[in-house]
Amino acid sequence: MNPVNYLYLAALLFTIGATGVLIRRNAIVVFMCIELMLNACNLAFVAFSRMHGNLDGQIIAFFTMVVAAAEVVVGLAIIVSLFRSRHSASVDDASLMKL
Amino acid sequence: MSASAVHSLWTSAVGPIAKIDAPKIEYAQLAPTLIVVGAAVLGILIEGFVPRKSRYYAQLFVSSVALVAAFAAVVALAADGYGTTKAGIAAMGAIAVDGPALFLQGTILLTALVGLFTFAERRLDPQVHGNRVDSFAAQASSVPGSDGEKKAVKAGFTTTEVFPLLLFAVAGMLVFPAANDLLTLFVALEVLSLPLYLLCALARRKRLISQEAAVKYFLLGSFASAFLLFGIALLYGYAGSMSYATIAQVVDGTIAEVDPALVNTMGNDVLLLVGSGLLIMGLLFKVGAVPFHMWTPDVYQGAPTPVTGLMAAATKVAAFGALLRVLYVLLPGLRWDWRPVMWAVAIVTMLGGAIIAITQTDIKRLLAYSAISHAGFILAGVIATTPEGISSVLFYLAAYSFVTIGAFAVVTLVRDAGGEATHLSKWAGLGRRSPLVAAVFAVFLLAFAGIPLTSGFAGKFAVFKAAAEGGAVPLVVVGVIASAIAAFFYIRVIVLMFFSEPKPEGPTVAVPSPLTMMAIGMGVAVTVVLGVAPQYFLELAGNAGVFVR
């Protein structure tokens with residue numbers, strides 16, 4: 001199969017993730033959408049790696065996975081602490097500093 | 001199943017396996033970063049093995065020794081001629097050791113040292129149950145206002161993990177402006193961001209606001225880094241390589257070896273333009289330039305003030321360093337495309353930051369919008385695309401970071417019963433009650449406004465001069481107008497402090513330990529020295545102003 005099709009899929013997934021970040025309210029779902037965007041990047045890296053016939057892209061995909069895992073650790077800690085003090089993970093409720 | 005299949009579960013190698021070359025690492029050239037990372041790891045071990053009572057002192061000692069040692073390593077590299085007469089590309093092409101990298105690393109390390117002093121301050125709040133407390137939560141995992149939090153406070157817990165977190169963030173900042181391939185750029189961005197997200201959530205007072213700031217910073221920051229990563233993916237697809245030099249050659253069309261796959265992709269301008277657009281967008285988010293500035297006021301206001309100071313100073317230096325390298329080393333062949341975009345961004349950043357700042361009533365939010373408009377001034381120097389542009393931006397960053405970190409250190413001193421009194425109305429008449437603190441803050445505000453004899457003036461003059469010589473005269477005119485607007489609200493705060501009556505139940509000014517005094521003192525000293533005698537430092541920045549490729 002032509003690897004370019006995987007690029008279209010990656011762009012589609014990235015767009016779905018970005019749209020989700022903008023329209024969803026729950027911080028956890030927003031965060032999952034960000035993870036979807038990172039995974040879309042991974043797919044693009046691997047597809048480009050195949051097109052160029054070098055391994056750089058596949059190695060970057062591994063790095064991205066590690067970074068995404070670290071981000072999950074930090075992000076869930078922050079979101080859970082927010083949830084425990086407010087009993088809500090909605091990003092619309094977090095508006096103490098609005099002018 | 002055939003007989004041979006059963007016996008083909010393993011086979012012997014035909015010849016010896018070809019040797020894999022071990023990567024070559026130039027430890028001496030990477031010493032500043034390695035020292036800081038090593039100290040951060042040591043800090044985690046201290047958390048694990050040193051008794052609770054002595055952790056604070058152990059952490060403070062390790063962190064300050066590491067930052068000073070790393071700064072000494074930077075100076076040693078510069079004295080060795082790196083940056084002026086020679087330049088290196090270390091760690092298999094991942095990290096550049098050149099003038100701008102060393103200059104910015106030195107600036108970041110010094111501001112981080114000053115920031116460390118404000119992190120370690122424990123005299124501002126009164127003692128709680130006989131224990132001295134700093135600006136950070138007793139136990140970050142306890143729910144604000146709960147019994148668990150009260151118990152933690154009573155037991156005298158302190159979050160000494162902030163010191164290793166600071167060091168990890170600084171390590172990321174050291175690599176960020178020196179990154180010479182896109183993967184290193186992305187990893188450095190995350191290494192500097194993730195500890196900062198956590199640090200934002202750790203305030204001792206006003207914990208709900210602090211947690212809210214952390215969530216906002218985290219979600220928006222990772223959103224922006226996802227865009228940056230997709231930009232990197234597209235650029236990799238365009239050039240088939242991650243190295244700045246190779247991509248720049250592909251953009252220029254001067255690359256030596258062209259394989260069939262590259263022929264297909266390098267003609268595809270969509271990959272190049274969209275990719276570099278997304279990449280620059282991710283960097284502009286970290287810089288806090290206007291279409292991507294929405295996080296800045298909330299995060300600056302909610303984060304513990306020492307963390308805000310560090311973010312406003314060191315993060316901005318690192319992010320501008322990375323932006324400079326991307327625009328000047330990775331995408332110089334595309335400058336006719338990115339210059340108009342950056343023109344627009346610089347104009348809306350300068351004007352937007354200055355105009356919105358006028359309406360602010362909280363001192364931390366005011367300084368946040370002032371940071372945004374300063375990002376616009378620095379972008380004017382970035383647009384120049386000349387050697388003077390680089391050196392003026394370097395000088396501006398050094399001057400600005402010390403003013404910022406000093407100003408936020410002063411903000412920690414003005415307190416009332418609820419912690420820091422950040423509302424502007426409470427600052428009324430501060431100059432009558434504590435003339436010294438108000439005078440110091442006035443010096444910082446004058447430097448922000450760019451009044452002569454302060455570092456702000458020297459920096460702004462250098463940046464605007466470079467921009468005008470680089471052909472961006474209209475940008476300079478807009479910059480001067482924005483400076484005039486900005487001067488209005490800086491002067492307004494000074495007038496408020498010195499020429500209005502103090503309120504009877506106004507805030508008190510805490511007497512800090514020598515740590516914060518040193519931090520503020522260094523801020524004032526650098527502001528005045530760079531303002532009165534900028535020549536030596538301008539020459540230093542001028543000598544450091546050449547990128548390696």
(request) Measure A:Ala47 against the heavy atoms of chain B and call it side chain, backbone, both or neither at under 4.5 Å. (result) neither
(request) Below 4.5 Å from any heavy atom of chain A, which atoms of B:Phe218 appear? Answer side chain, backbone, both or neither. (result) side chain
(request) Between chain B and each of A:Ala77, A:Ala44, A:Ala68, A:Gly75, count heavy-atom pairs under 4.5 Å; write down the option with the most. (result) A:Gly75
(message) I'd like to know whether CE of A:Met32 has more than 12 heavy-atom contacts from other residues, nucleotides or ligands below 6.0 angstrom.
(response) no
(message) Tell me which of these, A:Met51, A:Arg86, A:Glu35, has more heavy-atom pairs under 4.5 Å with chain B than the rest.
(response) A:Arg86
(request) Go through the atoms of A:Val73 and report whether side chain, backbone, both or neither lie under 4.5 Å from a heavy atom of chain B. (result) neither
(message) Looking at B:Glu149, is its backbone amide N or carbonyl O close enough to the side chain of B:Ser146 to form a donor-acceptor pair, meaning the two atoms are under 3.5 Å apart?
(response) yes
(message) Shorter than 4.5 Å, heavy atoms on both sides: which option in A:Asn42, A:Leu38, A:Asn54 has the most such pairs with chain B?
(response) A:Asn54
(request) Give, as side chain, backbone, both or neither, the part of A:Phe63 having an atom under 4.5 angstrom from any heavy atom of chain B. (result) side chain
(message) I need the single residue from B:Asp362, B:Thr361, B:Leu366, B:Thr305 that forms a side chain to side chain contact (heavy atoms under 4.5 Å, CB included) with B:Thr422. Which is it?
(response) B:Asp362
(message) Determine whether a donor-acceptor pair (N or O, by modelled atom type, separation under 3.5 Å) exists between the side chain of B:Asp259 and the backbone of B:Leu262.
(response) yes
(message) Heavy-atom cut-off 4.5 Å, strictly under: side chain, backbone, both or neither for B:Ser142 against chain A?
(response) backbone
(request) Sort out for me which of B:Gly237, B:Ala261, B:Pro297 touches chain A most, counting heavy-atom pairs under 4.5 Å. (result) B:Gly237
(message) Heavy-atom pairs under 4.5 Å with chain B - which of A:Ala40, A:Ala10, A:Ser49 has more of them than the others?
(response) A:Ser49
(request) Let me know if B:Leu220 has heavy atoms under 4.5 Å from chain A in its side chain, its backbone, both or neither. (result) neither
(message) Heavy-atom pairs under 4.5 Å with chain A: which of B:Pro144, B:Ser222, B:Ala214 has the most?
(response) B:Ser222
(message) Do the side chains of A:Arg25 and A:Asp93 get close enough for a salt bridge, i.e. N-O under 4.0 angstrom?
(response) no
Contacts under 3.5 angstrom, residues 182-195 of chain B side chains, donor-acceptor by atom type, not counting sequence neighbours:
unit_1, atom_1, unit_2, atom_2, d
B:Thr184, OG1, B:Asp181, OD1, 2.6
B:Glu190, OE2, B:Ser225, OG, 2.9
B:Ser193, OG, B:Leu189, O, 2.7
B:Ser193, OG, B:Lys286, NZ, 3.2

(message) Please confirm whether the ring centroid of B:Phe223 lies under 6.0 Å from the ring centroid of B:Phe285.
(response) no
(request) Please name the pair of heavy atoms, one in B:Thr296 and one in B:Gly288, separated by the smallest distance, quoted to 0.1 Å. (result) OG1-CA, 4.3 Å
(request) Give a yes or no answer on whether the side chain of B:Gln249 reaches the backbone of B:Ala256 with a donor-acceptor pair at less than 3.5 Å. (result) no
(message) Please classify the contact of A:Leu36 with chain B as side chain, backbone, both or neither, using a heavy-atom distance under 4.5 Å.
(response) neither
(request) Determine the option with the most heavy-atom pairs under 4.5 angstrom with chain B, choosing from A:Ser81, A:Gly53, A:Cys33. (result) A:Ser81
